[in-house]
Structures are given as C-alpha cells and as structure tokens.
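To start, the structure under review is shown below, and the notes come after it.
The basis for the numbers below is simple: all heavy atoms, side chains too, and nothing from hydrogens, waters or symmetry mates. Computed from a predicted structure; not experimentally measured. Just so you know, ligand 1 is whichever comes first in the structure, and atom 1 is the first atom listed for that ligand. Numbering of residues begins at 1 and proceeds along the displayed sequence.
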Amino acid sequence: MSLTGSFATTAAAVVALGLDAATLGALSDDALLAAHTLLTDHRRHADTIAAHLAGEIAGRSTRDDGYAGLAQRKGFGSATGLLQSLSPVTASEASQLISAGALLADPPSTMWEGALAQALSAGLVSVAATDAIRRGLTPVAETAPAEELLAECQRLLSRSPQLSIDELRREARSARDRIDEAGIARRERQRRDLRYLKRWVRDDGMYQGAFLLDPEAGLHLFTALDAIMAPRRAVRFVDATAPDEAVLTDTRTDDQLLADALTEMVRLAVDVDPGTLFGTNRPAVRVIVTETSLREPGGHGYLEGDSHPVSRETVDRHLCDTGFIGIKFDRKGQILDLGRTERLFVSAQRVVISVRDGGCLFLHCTKPPSACEVHHITDWRHGGKTDVRDGVLLCQHHHMLLHNNKWKILREHDRYWLKPPVTEDPVQRLRPLPTKSPLLRELLPAE
Ligand SMILES: [Zn+2]
Ligand SMILES: [Zn+2]
C-alpha cells in the first residue's frame with residue numbers, strides 16, 4: 001500500500017461519521033467513544049507519514065552535508081530544530097519522529113526491529129509506542145537470543161494498545177533485563193558512570209548546581225529529603241492528625257524547604273564526630289533479591305523503590321554490610337514465613353570496629369569511619385557468626401571495588417591483608433592493611 005493509503009481509508013471513515021458541533025450532544029456514549037477511537041487510528045496513520053517525512057528531512061540534513069544540508073540552509077543547527085519550527089512538537093517528539101523515520105527507511109539490522117518497523121509502517125503502533133519499545137529493549141548485548149527478543153517485541157506490540165507509553169517502556173526494559181541478564185551489571189555501571197555534580201557561583205553571588213545520580217545514590221538522597229518533607233505533606237493531605245503549629249506557620253515554599261534541608265544535612269554531617277555517627281549509620285536503601293538469584297551464579301536484585309535491576313555484586317555488597325531478612329512467599333505472593341535478621345553487626349560492634357580500623361582500610365584511602373560500610377570478610381553464604389574480627393571498614397567506593405573486582409580481605413595472625421585478583425597481580429601478593437587509627441598506631445609496636 002502507498003504511504004497515504006491507510007490514511008485515506010481512516011480519513012474517509014471519520015468523514016462518514018458526519019460529526020457536527022450541533023449534533024455532538026445527541027451521540028450515545030458508545031458512539032462518542034467509537035468516534036474517538038476512529039480518529040486516534042487516523043492520527044496514527046498521519047504520524048507514520050510524518051515519520052517518513054521527518055526521516056527524509058533528517059536524511060537531507062546530516063552532519064556530513066555541512067552548511068549545504070537542508071536544516072542548515074533554513075538556518076537550523078539540526079533537523080530536530082527545523083521540525084520544531086514547522087510543527088508544534090517538542091524536541092523529544094521531533095527526535096522520535098526522526099528515529100522512527102530512519103527505522104522505516106533503512107532495513108533494520110535485527111529481527112525484532114524489523115517486526116517493529118513493519119507494525120509502524122502498517123499503522124498498527126504509534127510513533128511514541130515504537131520509540132518506547134525500542135528504547136526499552138536497548139541497549140541489549142549482541143549475544144542475546146534473537147528469537148526471544150523477537151517474541152518479546154511481538155508481545156509488547158500486541159500489548160501496546162492497553163498500556164501507557166511509560167508502562168510500555170518499563171515492560172520492554174524488564175523484558176530486556178530478563179533476556180540479557182548478563183548485561184545488568186554493565187548497564188548498572190553505565191548508569192553509575194553518568195553521575196555528576198556540577199556547581200558554580202553566579203554573577204549575582206548565588207550558588208547554583210546541577211546533579212545526576214545513579215538509582216542507589218539517588219534513593220539515598222531522595223528518601224532523606226522525603227523524610228524531611230513528610231510533616232508538611234501530612235498537614236496538606238491528611239486532616240486527621242492535629243497539624244503542627246510550627247509547620248503550618250512556616251511560610252517557606254517546598255523548594256525553599258528542600259534547599260534548607262540539604263544545607264542542614266551537610267552541616268550536620270560535617271559537624272558530627274565520626275565515632276558517634278557510626279553505629280547509627282543505618283542505610284536508607286534496601287536491596288531485594290530472591291534466594292534463587294543468590295544461590296546461582298549471576299542473578300540480580302532490585303533496590304526497593306526503583307525498577308532498574310542491580311547486579312549481583314551490588315546485592316552482595318549490601319548483604320555484606322547490612323545482613324538480610326528472609327521472607328518466604330507462596331505462589332500467590334502471600335507471605336508464609338518471616339525470617340529473622342541474620343548476620344547483622346549491632347551498633348555497639350560497629351563502634352568497636354570503627355575505633356579499631358579508624359577509617360577505610362583499603363590501601364592509601366583516607367576516608368573516615370563515618371563514610372564507611374562494614375565488609376564481612378567471610379562470605380555470608382559460608383555462615384559464620386557476626387564476630388567483630390570478621391568485619392572491617394571500607395568506604396563505599398572501595399567496598400564496591402572489592403566486590404566488583406573480586407579482591408579479598410583475609411585475616412591471618414590477627415592482621416588484615418588485601419589479596420588482589422589474578423587479573424591485577426598474577427602472583428596475588430598479600431598487602432598488609434594496618435589500622436588507620438592514629439591512636440592505635442601509637443600504641444602498637446612499629447612493624
Ligand atoms: Zn563486603
Ligand atoms: Zn576507601
């Protein structure tokens with residue numbers, strides 16, 4: 001069929017409804033909704049044509065074309081800008097149209113993208129839904145089984161009419177994570193690599209900044225900020241409790257309150273004596289994982305409150321520091337049994353460990369105890385009671401490094417040693433990890 005064939009068909013159907021403003025009120029509910037559905041179909045066909053056109057416009061405006069490119073000749077830096085000037089689309093809608101156009105124009109390299117292009121071209125799926133499925137299913141390892149990806153893509157296509165765009169992207173993402181479990185650690189690392197905090201001082205003397213955090217760090221910050229905002233939300237949305245006078249008379253906006261909260265948190269953290277903060281330093285982020293994932297090589301878990309799976313190494317690091325609670329479910333998702341918290345260093349033990357180690361034990365690291373987690377040197381799978389001699393302080397960075405890169409800490413002759421992985425040191429020479437506590441260094445005989 002030609003590009004405009006389906007468009008003409010649905011256009012004729014819409015015209016045939018004979019809608020006019022005067023008789024609209026007389027339509028039955030069913031007829032009203034049917035008319036809406038028909039128009040939605042028609043718009044989808046219009047969008048497919050728009051994607052074809054956008055793809056062609058972008059094809060004539062590539063970087064290689066330089067100033068001779070179509071968008072450039074019209075005075076725009078890119079095809080996205082040109083499209084925005086031609087029609088009321090946002091930058092992201094314009095780039096969706098362009099990439100859908102490219103999908104339609106170039107033969108896709110994978111089977112699932114081929115199926116997607118076919119559905120888009122037949123007007124069975126919208127440009128936005130095509131984009132959601134494509135983004136959700138990528139990046140995926142080249143080794144991921146092509147048939148499974150194709151089957152998932154077809155399932156998503158058939159589900160797309162019932163799902164919102166956000167739901168569709170989420171479902172596609174979790175399908176990809178199921179198929180390409182090996183890629184979870186890599187994608188987690190990629191997200192973490194994107195993190196930044198930029199800050200600058202403006203001409204008017206104000207301090208400004210912007211940040212981007214990976215899910216784990218973001219949850220830490222957001223849950224802390226949410227906790228501070230909670231009393232205000234309670235006053236707004238729940239009348240049952242007597243409102244706190246102080247909160248009610250607070251004239252600050254939510255944004256101002258958050259700014260003050262962040263500043264206050266920093267002030268507290270800087271002022272606190274590391275020895276006293278430590279021990280009450282319970283993490284605000286929980287990791288959730290199935291026993292099957294834990295027993296098998298590979299496997300993944302989730303951070304509570306976030307939909308991106310996290311790698312086995314991240315799960316291990318959390319279990320190592322905070323222990324775990326076993327919860328047994330039946331097949332319907334009902335809780336059968338609640339385990340006790342196992343392997344948890346109590347706060348008194350944490351204080352003892354922090355005094356003994358004086359900070360992160362890793363080579364050359366100078367992080368104080370308040371910035372550290374406790375690493376269990378015996379793997380939790382091998383049992384062992386929670387003995388302070390089995391816990392050492394590591395800052396989050398080095399704790400992560402240790403679990404991700406398979407370094408080990410050993411205790412021999414009541415001293416701690418770092419054992420590098422073979423990839424780092426073929427002979428795996430043990431490096432001593434002496435205490436960082438200045439007091440203990442004074443007390444202990446020189447080595
Ligand atoms: Zn650990
Ligand atoms: Zn460290």
Side-chain angles (χ1 to χ4, degrees), residues 185 188-189 192 195 214 216-217 220 269 274-275 277-279 281-289 293-295 297-301 303 310-325 341-347 349-350 352-412 415-421 424-425 428 430-438 440-441:
E188 187 187 359
R189 206 161 42 241
R192 198 173 150 70
R195 75 192 187 280
D214 58 284
E216 186 176 337
H220 265 296
L277 181 68
F278 205 75
N281 187 10
R282 308 305 307 142
V285 173
R286 253 192 295 274
V287 58
I288 306 170
V289 61
S293 287
L294 280 179
R295 301 287 165 197
H300 64 271
L303 298 174
V310 293
S311 64
R312 179 55 181 280
E313 288 77 12
T314 298
V315 170
D316 279 347
R317 178 169 57 80
H318 277 270
L319 292 185
C320 183
D321 178 45
T322 59
F324 57 90
I325 300 177
T341 304
E342 297 177 61
R343 259 187 90 99
L344 191 63
F345 282 117
V346 297
S347 62
Q349 288 177 309
R350 286 180 171 248
V352 172
I353 294 170
S354 74
V355 170
R356 182 199 64 204
D357 292 349
C360 173
L361 272 197
F362 209 89
L363 305 170
H364 316 301
C365 186
T366 55
K367 283 275 161 26
S370 57
C372 290
E373 298 171 349
V374 177
H375 169 67
H376 282 73
I377 61 175
T378 53
D379 191 298
W380 64 269
R381 269 170 237 97
H382 303 134
K385 54 186 179 350
T386 307
D387 183 330
V388 291
R389 290 184 307 169
D390 288 340
V392 294
L393 288 194
L394 288 177
C395 69
Q396 205 211 20
H397 170 73
H398 284 126
H399 198 188
M400 211 180 272
L401 185 90
L402 198 89
H403 281 270
N404 290 2
N405 297 357
K406 316 273 183 254
W407 294 63
K408 285 238 149 24
I409 292 181
L410 312 175
R411 193 183 76 237
E412 272 172 32
R415 285 204 285 168
Y416 298 104
W417 305 85
L418 185 67
K419 184 181 177 188
E424 200 70 30
D425 175 2
Q428 297 189 288
L430 296 183
R431 329 267 170 94
L433 295 175
T435 175
K436 299 285 172 77
S437 155
L440 277 187
R441 278 168 181 267

Item to complete: Measure from the ring center of His375 to the ring center of His398 and say whether it is less than 6.0 Å.
Response: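 So the answer is no for these two rings.
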Worksheet entry | Residue Cys372, metal the Zn ion (ligand 2), N/O/S under 2.8 Å |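 No, since none of the N, O or S atoms of Cys372 sits under 2.8 Å from the Zn ion (ligand 2).
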Worksheet item: Closer than 2.8 Å to the Zn ion (ligand 2), do we get an N, O or S atom from Cys360, backbone or side chain?
Response: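 Short answer: yes, at least one N, O or S atom is under the cut-off.
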Practice prompt. State whether a side-chain donor-acceptor pair under 3.5 Å links Glu188 with His300.
Written response: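 Checked: Glu188/His300 side chains show no N/O donor-acceptor pair below 3.5 Å.
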Worksheet item: Are Glu313 and Lys406 close enough for a salt bridge, meaning some N to O gap below 4.0 Å?
Response: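 Looking at Lys406 together with Glu313, the answer is yes, because their closest N to O distance falls below 4.0 Å.
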Worksheet entry | Name of whichever N/O/S atom of His398 is nearest to the Zn ion (ligand 2) |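 Checking each N, O and S atom of His398, the shortest distance to the Zn ion (ligand 2) belongs to ND1.
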Item to complete: Please confirm if an N, O or S atom belonging to His399, backbone or side chain, lies less than 2.8 Å from the Zn ion (ligand 1).
Response: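 It does; at least one qualifying atom falls short of 2.8 Å.
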Discussion item. Using 0.5 Å steps for rounding, measure from the CZ atom of Arg317 to the CG atom of Asn404.
Written reply: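 It comes to 7.5 Å.
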Discussion item. To check your reading of the site, what angle at the Zn ion (ligand 2) do SG of Cys365 and SG of Cys395 form, to 10°?
Written reply: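 Seen from the Zn ion (ligand 2), SG and SG are separated by roughly 120°.
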Discussion item. Before you tell me yes or no, could you show the steps for Glu412 and Lys419 under salt bridge (Lys or Arg N to Asp or Glu O under 4.0 Å), namely the whole-Å CA-CA distance, both residues' side-chain angles and the distance that decides it to 0.1 Å?
Written reply: CA-CA 12 Å; Glu412 272 172 32; Lys419 184 181 177 188; over 6 Å; no
Item to complete: Could you pull out the atom name of the N/O/S atom in His375 that is nearest the Zn ion (ligand 1)?
Response: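 Restricting His375 to its N, O and S atoms, the minimum distance to the Zn ion (ligand 1) goes to ND1.
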